[in-house]
Amino acid sequence: MEIINFDKIPSIVSQYMAELRDIEIQKDPMKFRRNLERIGQIMAFEISKTINYKSVSITTPLGKSECKTIADSIVLATIFRAGLPFHQGFLSYFDYAQNAFVSAYRKYKEKENFDVFIEYIASPKLDGKTLVIADPMLATGASMELSYRALLTKGTPDKIHIASVIASETAVDYIKTTFPSEKTTLWVGAIDKEIDSHSYIVPGLGDAGDLAFGVKE
């Protein structure tokens with residue numbers, strides 16, 4: 001599996017990552033959502049370099065122009081609710097893409113033990129397509145794996161791109177063992193070393209869904 005870690009490639013992503021982590025800047029949810037969207041846009045641009053293109057003849061007001069357009073069929077998937085602004089970044093670049101949505105949530109059995117459940121899925125057929133799954137926080141990898149397996153009920157994609165803003169080392173190792181390595185690429189803004197007893201990434205940035213949309217009950 002190829003892993004693209006933007007933290008190892010200095011760029012404007014570093015600025016957006018710093019703002020997402022900053023406890024003071026996090027007090028502005030619109031800024032938080034916008035930075036998730038910006039990182040999604042940049043990752044979308046980088047992913048666009050890996051897909052296939054075809055030549056087409058375009059009629060301009062003054063003649064004909066041979067241009068390149070995307071040949072692959074792309075499906076953008078995200079996991080409710082934290083993934084929505086991140087997903088929007090991808091959609092603003094791949095504006096013609098089909099979309100898929102999965103609702104995955106943690107159900108705690110005890111204070112520090114939980115199971116992940118899939119409650120809802122809406123997706124087009126995936127056979128032969130390029131699937132991009134965007135979820136800002138990749139803590140354990142369990143939600144990502146279950147969401148992927150739910151999406152597989154709609155067909156088998158040719159290529160898979162997993163996009164996260166922050167992943168833990170634990171999750172990266174888990175994804176390596178549960179996704180088909182020969183056709184999967186992981187795109188991540190940073191990889192943090194630890195997860196705490198509640199399976200939150202440390203230092204991470206907190207609960208992305210709460211910071212983007214308000215604290216849930």
Side-chain angles (χ1 to χ4, degrees), residues 1-5 36 39-40 43-44 46-52 70-109 113-189 191 195 199 201 208-209:
M1 179 185 296
E2 184 177 10
I3 300 173
I4 311 298
N5 185 354
L36 288 178
I39 295 173
M43 288 186 178
E46 294 300 322
I47 289 173
S48 76
K49 299 176 183 179
T50 72
I51 60 181
N52 297 308
I70 293 174
D72 293 349
S73 181
I74 296 175
V75 177
L76 304 177
T78 197
I79 303 171
F80 289 146
R81 64 179 168 151
L84 290 174
F86 192 38
H87 174 87
Q88 183 58 47
F90 289 87
L91 186 57
S92 65
Y93 272 41
F94 295 117
D95 53 290
Y96 60 88
Q98 295 179 295
N99 292 262
F101 301 94
V102 179
S103 173
Y105 69 97
R106 295 178 177 185
K107 184 174 182 180
Y108 284 86
K109 296 179 289 186
N113 294 316
F114 62 87
D115 292 321
V116 177
F117 289 89
I118 302 296
E119 194 169 65
Y120 170 86
I121 178 173
S123 173
K125 291 292 185 182
L126 297 176
D127 290 313
K129 298 178 181 178
T130 295
L131 175 65
V132 180
I133 312 177
D135 189 27
M137 307 302 287
L138 195 61
T140 66
S143 293
M144 181 62 73
E145 181 201 6
L146 287 178
S147 297
Y148 169 64
R149 296 200 181 284
L151 288 165
L152 285 181
T153 64
K154 307 301 181 180
T156 304
D158 277 352
K159 297 178 184 176
I160 305 159
H161 296 279
I162 300 171
S164 291
V165 173
I166 303 177
S168 72
E169 290 185 351
T170 297
V172 172
D173 290 341
Y174 186 76
I175 291 299
K176 287 179 182 177
T177 64
T178 54
F179 278 74
S181 60
E182 71 282 357
K183 63 179 182 180
T184 303
T185 303
L186 172 63
W187 305 79
V188 63
I191 298 174
I195 54 175
S199 296
I201 302 171

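What you see is a predicted model; the values in this text were computed from it and never measured. Throughout, numbering of the chain's residues begins at 1 and tracks the sequence.
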- Tell me, with the steps shown, if Ser147 and Ile118 meet side-chain contact (heavy atoms from CB on, under 4.5 Å). CA-CA 7 Å; Ser147 297; Ile118 302 296; 3.8 Å; yes

If you take all heavy atoms of [X] and [Y], which pair is closest and at what distance?
X	Y	result
Ser143	Ile79	O-CD1, 4.1 Å
Ala77	Leu151	CB-CD1, 4.0 Å
Ala171	Gly141	CB-N, 3.8 Å
Asp135	Ser164	O-OG, 2.8 Å
Ser168	Ile195	CB-CG2, 3.6 Å
Pro136	Ala208	CG-CB, 4.3 Å

For the atom pair [atom1] ([X]) and [atom2] ([Y]), what is the distance rounded to the nearest 0.5 Å?
X	Y	atom1	atom2	answer
Arg81	Ser103	CZ	OG	11.0 Å
Thr156	Leu131	OG1	CG	10.5 Å
His161	Thr185	NE2	OG1	5.5 Å
Ile39	Trp187	CD1	CH2	14.5 Å
Ile160	Ile133	CD1	CD1	6.5 Å
Leu146	Thr178	CG	OG1	9.5 Å

Quick one: does any side-chain atom of [X] pair with a main-chain N or O of [Y] as donor and acceptor, under 3.5 Å?
X	Y	value
Thr170	Thr140	no
Asp72	Asn52	yes
Thr184	Met1	no
Asn99	Ala97	yes
Lys183	Pro157	yes
Ser123	Lys154	no

Partners of [X] by side-chain contact (heavy atoms from CB on, under 4.5 Å), sequence neighbours excluded?
X	value
Ala44	Phe90, Tyr93, Phe94
Asp158	none
Glu182	Pro180

- Query: side chain to side chain donor-acceptor pair (under 3.5 Å) with Ser48: which residues, sequence neighbours excluded?
  - Reply: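 Expected list: none.
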
- Message: Run the side chain to side chain donor-acceptor pair (under 3.5 Å) test against Lys129 and tell me which residues pass, sequence neighbours left out.
- Response: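 Side chain to side chain donor-acceptor pair (under 3.5 Å) list for Lys129, sorted by chain: Gln98.
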
- Query: With sequence neighbours left out, what residues match Tyr174 under ring-ring contact (aromatic ring centres under 6.0 Å, His included)?
  - Reply: none

Heavy-atom side-chain contact between [X] and [Y] under 4.5 Å:
X	Y	answer
Val102	Phe80	no
Leu138	Leu186	yes
Glu46	Ile4	no
Ile3	Val172	yes
Lys159	Thr50	no

